[in-house]
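We use all heavy atoms of the structure for the numbers below, so side chains are in, but hydrogens, waters and symmetry mates are not.
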Amino acid sequence: MARRSGRESVGCGGIHIPGRSACLAHVSAADRAAYLGTLSADADIDHRGTPFAV
């Protein structure tokens, strides 16, 4: 399971995306696109604590 860490951004407790040391909100645009490209309709995801904006 991914770890929680505030190292990538002060005050962020978001779950790290697999293979990265930051949550979805704090990885690079390239890492975010690569991760999202691996997801399928039935993907099991965990983004607890990750800030999202609409």
Contacts of type side chain to side chain contact (heavy atoms under 4.5 Å, CB included), residue T38, not counting sequence neighbours: Y35
Return the minimal non-hydrogen interatomic distance between T50 and C23, and the atom names on each side. OG1-CB, 3.7 Å
Quick one: list whatever passes side chain to side chain contact (heavy atoms under 4.5 Å, CB included) with A43, sequence neighbours left out. L39, S40, I45
Any salt bridge (Lys or Arg N to Asp or Glu O under 4.0 Å) involving residues 23-34? Give me the pairs, sequence neighbours left out, ordered by first then second residue. R20-D31
Testing the basics here: between P51 and H26, what is the closest heavy-atom pair and its distance to 0.1 Å? CG-CE1, 4.3 Å
